[in-house]
Amino acid sequence: MSSVALERTIFDADHDAFRETVRRFAERDVAPHLRDWAEAGQVDRDLYRQAGKFGLLGINVEERFAGGGIDDFRFNAIAIEELCRVGAPAVVMGLAGINDLVTPYLVSLANEEQKHRFLTPLCTGEKIGAIAMTEPGAGSDLAAISTTALPDGDDLVLNGTKIFISNGMLADFVIVVAKTDPVAGKKGVSLLVVEEGMAGFTRNGPLHKVGLTAQDTAELVFDDVRVPRENVLGELNDGFGYLRHNLPQERLSVAVTSMASMRRTFDQALTYSCDRTAFGRRVADFQANRFYLAELATEIEIAQCFTDRCILDAAHGTLDEVTAAMAKWWITELQQRVVQRAVQLYGGYGYMREYDVAQDYLDCRGGSIYAGTTEIMKEIIGRTLTRA
């Protein structure tokens, strides 16, 4: 049994065909391994190679760099939705982390040599990439980072620590946000690519999170790492502007993940409450529970409409940081309400780890934290509203 959903009109036949491809991949190459990956704290590297073979990595990258050659975020959203359909938001963070966080910087900023060196193996799954922004003392406030990369001859000498980095343990290269001119504030931030094997680059992990346990998260430490200048992306000291340009898509990616995940949670809770009986009646037949279901179904449909509008904006290159912030905070907070109610409908079984809803309860909490907390999203929106 599933909820009555409004018809989604943002996809065409090409999108539908791609959805079938992702669905086969998710059911065959992802779902059977989720428990093993959760115990290991990370997925197998072969997952990325398989994703590359299915054309799921670098969707918007030019074909000459082994990408899909399609600059249309709807395909990115479909990949996320189908992975969430099999209960794999932790895998979403690995694969969508490449599509929605890493490749956009390489596509827009990398020169020809850098694209061949980093983009091509990224799209085939032969190499894994990550981006390192957050620090132990600077989470959502990127202007407060303390990691430095100071010029020294033909190199930049990188020092600092990054925390909560997705794909951090498996990554063959990491795009690092660092201050190359510390006294210049936001105007002294740069992006540089640190590669596996560079002296002074170490990692700790995988970190033990409450949920999303199959998702590789690490702490990265840089101790006098000499990064050649040819590994700088874009212009030196222009990094903060690059970040502001790309963060809306990252935040929408989080919103799409929460949206798809909560739909799965709700549909399963609806089925359970219609099958389960208490006091001689179906759980769904108690008025309080029917009202819960009615409220959640309505909010989910409203949220889906807004999410789809944002997906279209991203596909057309018009998604702005305020709209993305609205989607990110609202959808992730709604997911938590949906999951909370779903657990309640399951009763004691909702607290048992063998039930998907219990894992959803653990996994959903990070959504309102990473990629900028709910409070930061409201600050972004509020500043725009009150700007003189």
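Numbers for residues simply follow the sequence, beginning at 1.
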Test your reading of the model: is there a side-chain donor-acceptor pair from N159 to the backbone of T148, 3.5 Å cut-off? no

Nearest heavy atoms of G129 and N167, plus distance in Å: O-ND2, 3.3 Å

In plain terms, say whether D238 and K187 are close enough for a salt bridge, that is, a side-chain N and a carboxylate O under 4.0 Å apart. no

Could you check whether Q215 and T217, counting side-chain N and O atoms only, form a donor-acceptor pair closer than 3.5 Å? yes

Looking only at atom types and distance, does a side-chain atom of D313 sit under 3.5 Å from a main-chain N or O of T318, one as donor and one as acceptor? no

Are M93 and I98 joined in one hydrophobic group, where the rule is that I, L, V, M, F, W and Y side chains link up if heavy atoms are under 4.5 Å apart? no

Nearest 0.5 angstrom please: L192 CG to L233 CG, how far? 8.0 Å

Full working for salt bridge (Lys or Arg N to Asp or Glu O under 4.0 Å) between R85 and E81: CA-CA 6 Å; R85 194 181 68 85; E81 290 173 355; over 6 Å; no

Treating T373 as the side-chain partner and I376 as the backbone partner, does any N or O pair qualify as donor plus acceptor under 3.5 Å? yes

Under a 3.5 Å distance rule, please check whether E135 uses its side chain to pair with a backbone N or O of T147 as donor and acceptor. yes

Taking E219 for the side chain and G205 for the main chain, is one N or O donor matched with an acceptor at less than 3.5 Å? no

In terms of heavy-atom contacts, does CD of E27 have more than 12 from other residues, nucleotides or ligands at under 6.0 Å? yes

Does V256 offer a backbone N or O that forms a donor-acceptor pair with the side chain of T307 under 3.5 Å? no

Do T120 and K115 get their side chains close enough for a donor-acceptor pair, meaning under 3.5 Å? no

Quick one: does T103's side chain get under 4.5 Å of F118's, heavy atoms only? no

Rounded distance (nearest 0.5 Å) linking atom NE2 of H245 with atom OG of S108: 6.0 Å

List the steps, then state whether side chain to side chain contact (heavy atoms under 4.5 Å, CB included) holds for K209 with L212. CA-CA 7 Å; K209 304 184 298 298; L212 299 168; 4.0 Å; yes

For the residue pair R117 and N111, confirm or rule out a side-chain donor-acceptor distance under 3.5 Å. no

Donor-acceptor contact present, side-chain S273 to main-chain L270, <3.5 Å: yes

Identify all side-chain donor-acceptor contacts of residues 168-185 below 3.5 Å with residues at least two apart in sequence or on another chain.
residue	atom	partner	partner atom	Å
D172	OD1	R45	NH2	3.3
D172	OD2	R45	NH2	2.7
D172	OD2	I128	N	2.8
K179	NZ	A143	O	3.3
K179	NZ	I145	O	3.2
T180	OG1	G188	O	3.3
T180	OG1	S190	OG	2.6
T180	OG1	N237	OD1	2.5

Output every pair passing ring-ring contact (aromatic ring centres under 6.0 Å, His included) with a member in residues 306-330, not counting sequence neighbours, ordered by first then second residue. none

Salt bridge (Lys or Arg N to Asp or Glu O under 4.0 Å) assessment of E295 paired with R337: CA-CA 11 Å; E295 291 166 3; R337 296 201 303 275; over 6 Å; no

Qualifying ring-ring contact (aromatic ring centres under 6.0 Å, His included) pairs with a residue from residues 54-103, counting only residues at least two apart or across chains: H15-F75, F18-F75, F25-F54, F65-H116

Check: K328 and C310 side chains under 4.5 Å, non-hydrogen atoms: no

Could you give the distance from CD1 (I165) to CG (L220), rounded to the nearest 0.5 Å? 5.5 Å

If Ile, Leu, Val, Met, Phe, Trp and Tyr residues are connected whenever their side-chain heavy atoms lie under 4.5 Å apart, and connections chain through other members, are I10 and L252 in the same group? yes

Hydrophobic cluster (4.5 angstrom, side-chain heavy atoms) - remaining members for F286: F279

I'd like to check L243 versus L191 (side-chain heavy atoms, cut-off strictly below 4.5 Å). Are they in contact? yes

Under a 3.5 Å distance rule, please check whether D155 uses its side chain to pair with a backbone N or O of V157 as donor and acceptor. no

E299 side-chain N/O to L334 backbone N/O, donor-acceptor pair under 3.5 Å: no

Should we say atom CD of E235 is surrounded by more than 12 heavy atoms from elsewhere, each under 6.0 Å from it? no

With ILVMFWY side chains joined below 4.5 Å, transitively, what does Y361's cluster contain besides itself? V210, Y272, V339, V343, Y346, Y349, Y351, M352, Y355, V357, L362

Salt bridge (Lys or Arg N to Asp or Glu O under 4.0 Å) between E39 and R35, intermediate numbers included: CA-CA 6 Å; E39 292 177 358; R35 187 178 298 276; 5.6 Å; no

Just do the side chain to side chain contact (heavy atoms under 4.5 Å, CB included) check on M198 and R226 with the steps written out, would you? CA-CA 7 Å; M198 286 185 171; R226 300 192 72 86; over 6 Å; no

Determine yes or no for a side-chain-to-main-chain donor-acceptor pair under 3.5 angstrom, with R229 supplying the side chain and G153 the backbone. yes

Going only through I, L, V, M, F, W and Y residues with side-chain contacts under 4.5 Å, is there a path from L158 to Y105? no

Between D29 and R24, does a salt bridge (Lys or Arg N to Asp or Glu O under 4.0 Å) hold up when you go through it step by step? CA-CA 8 Å; D29 296 292; R24 290 195 301 272; over 6 Å; no

Check this for me: does any side-chain nitrogen of one of D12 and R74 sit under 4.0 Å from a carboxylate oxygen of the other? no

Can you name the side chain to side chain contact (heavy atoms under 4.5 Å, CB included) partners of D285, sequence neighbours left out? R281, R282

Answer yes if the side chains of D46 and Q50 hold a donor-acceptor pair under 3.5 Å, and no otherwise. no

Using a strict 4.0 Å threshold on nitrogen-to-oxygen distance, state whether E333 and K378 make a salt bridge. no

